[in-house]
Amino acid sequence: NAGVTQTPKFQVLKTGQSMTLQCAQDMNHEYMSWYRQDPGMGLRLIHYSVGAGITDQGEVPNGYNVSRSTTEDFPLRLLSAAPSQTSVYFCASSYRAERTYEQYFGPGTRLTVT
Amino acid sequence: DAKTTQPTSMDCAEGRAANLPCNHSTISGNEYVYWYRQIHSQGPQYIIHGLKNNETNEMASLIITEDRKSSTLILPHATLRDTAVYYCIVRVTGTASKLTFGTGTRLQVTL
């Protein structure tokens, strides 16, 4: 299994540009999440999904959109990039089962907005 | 979810046990304690979790006090590869999603 994969690894955007960060997992996990990590900080939850067709907002959702058309993929869209969105973005997935304790994280996408 | 407090940084000599404390004095009866670590800006990695009993796996041991207000993660024989930021997280359910990460403890393992 490849686990959780993210593309691209690095991206530079100009203010106002839009782009989509890709996330895919091959573990048949129901739950998928997007986090951002600013320098010297912990991770903050942006959006999450409990299954295909179901998404919800996390702690810092403004400026981001998500959709979940398949179990495997959970793309994150930046509608109009701003310098405040410069961060490292991590995607994560886990099983939905009640006794699931481990969340699997991807390697991250490092985004710079100028 | 209950708030957690961890020291900002700790040092440990290679081969010695690393004991990382976490305070979660407002923890509720149905909240689990999770530990994750993040090595050099990689994605976080799950280490261990517990509810009220001490737990051990191939990576670490978790000691939870009887009143559950604090816990300690123990890496029995720290190596240089254990240098990382360690996060203590309290989560209300048995599911792994929607974790709230603080700033964690930066553990530096030295020769």
Side-chain angles (χ1 to χ4, degrees), chain A residues 2-7 9-10 21 23 25 27 29-51 54-61 68 74 87-111, chain B residues 1-9 20 22 24 30-53 55-60 62 64 71 73 84-107:
Chain A
V4 179
T5 58
Q6 293 184 237
T7 56
K9 286 187 170 56
F10 301 93
L21 279 62
C23 174
Q25 51 90 11
M27 298 173 282
H29 286 168
E30 294 92 345
Y31 281 129
M32 295 187 74
S33 309
W34 276 103
Y35 295 84
R36 62 176 285 175
Q37 185 174 32
D38 299 331
M41 305 288 288
L43 281 71
R44 291 184 293 169
L45 183 65
I46 304 172
H47 285 286
Y48 65 98
S49 168
V50 300
I54 306 169
T55 64
D56 205 346
Q57 297 180 351
E59 181 186 354
V60 288
R68 184 98 179 270
F74 190 42
S87 191
V88 181
Y89 292 84
F90 292 101
C91 179
S93 72
S94 65
Y95 287 111
R96 186 177 180 176
E98 178 64 22
R99 297 300 179 195
T100 295
Y101 304 104
E102 182 172 358
Q103 192 162 176
Y104 296 82
F105 284 81
T109 293
R110 283 147 185 80
L111 175 68
Chain B
D1 298 339
K3 182 178 171 57
T4 62
T5 304
Q6 299 177 251
T8 303
S9 63
L20 291 90
C22 180
H24 32 78
N30 63 346
E31 288 184 312
Y32 289 77
V33 180
Y34 292 86
W35 283 84
Y36 278 73
R37 73 180 182 183
Q38 188 174 25
I39 297 173
H40 190 54
S41 299
Q42 298 175 16
Q45 175 190 25
Y46 166 86
I47 301 173
I48 199 167
H49 74 278
L51 183 60
K52 52 185 175 183
N53 296 322
E55 303 287 346
T56 295
N57 64 19
E58 64 278 4
M59 289 182 68
L62 175 59
I64 301 174
S71 60
L73 178 74
V85 177
Y86 288 78
Y87 297 99
C88 170
I89 300 165
V90 171
R91 181 79 180 99
V92 69
T93 68
T95 55
S97 66
K98 296 173 64 178
L99 299 175
T100 299
F101 288 79
T103 52
T105 296
R106 182 171 297 277
L107 176 69

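Quick note on labels: first sequence line is chain A, next is B, and so on, each numbered from 1. The shown structure was predicted, so the numbers you read here are calculated from the model rather than taken from an experiment.
- Using a 30° and 60° split on the angle between ring planes, B:F101 and B:Y36 fall in the perpendicular class, above 60°.
- Rounded to the nearest 0.5 Å, atoms CD (A:E102) and NE2 (A:H29) are 8.0 Å apart.
- For A:Q6, no part lies near chain B; criterion is any non-hydrogen pair under 4.5 Å.
- In this structure, the side chains of B:H49 and B:L62 stay at 4.5 Å or more apart for every pair of heavy atoms.
- Heavy atoms closer than 4.5 Å to chain B are found in both the backbone and the side chain of A:L43.
- Under a cut-off of 6.0 angstrom, the local environment of CZ in A:R110 is crowded, with over 12 non-hydrogen atoms contributed by other residues, nucleotides or ligands.
- Looking only at heavy-atom pairs under 4.5 Å with chain A, the residue among B:P44, B:G43, B:S41, B:G102 that has the most is B:P44.
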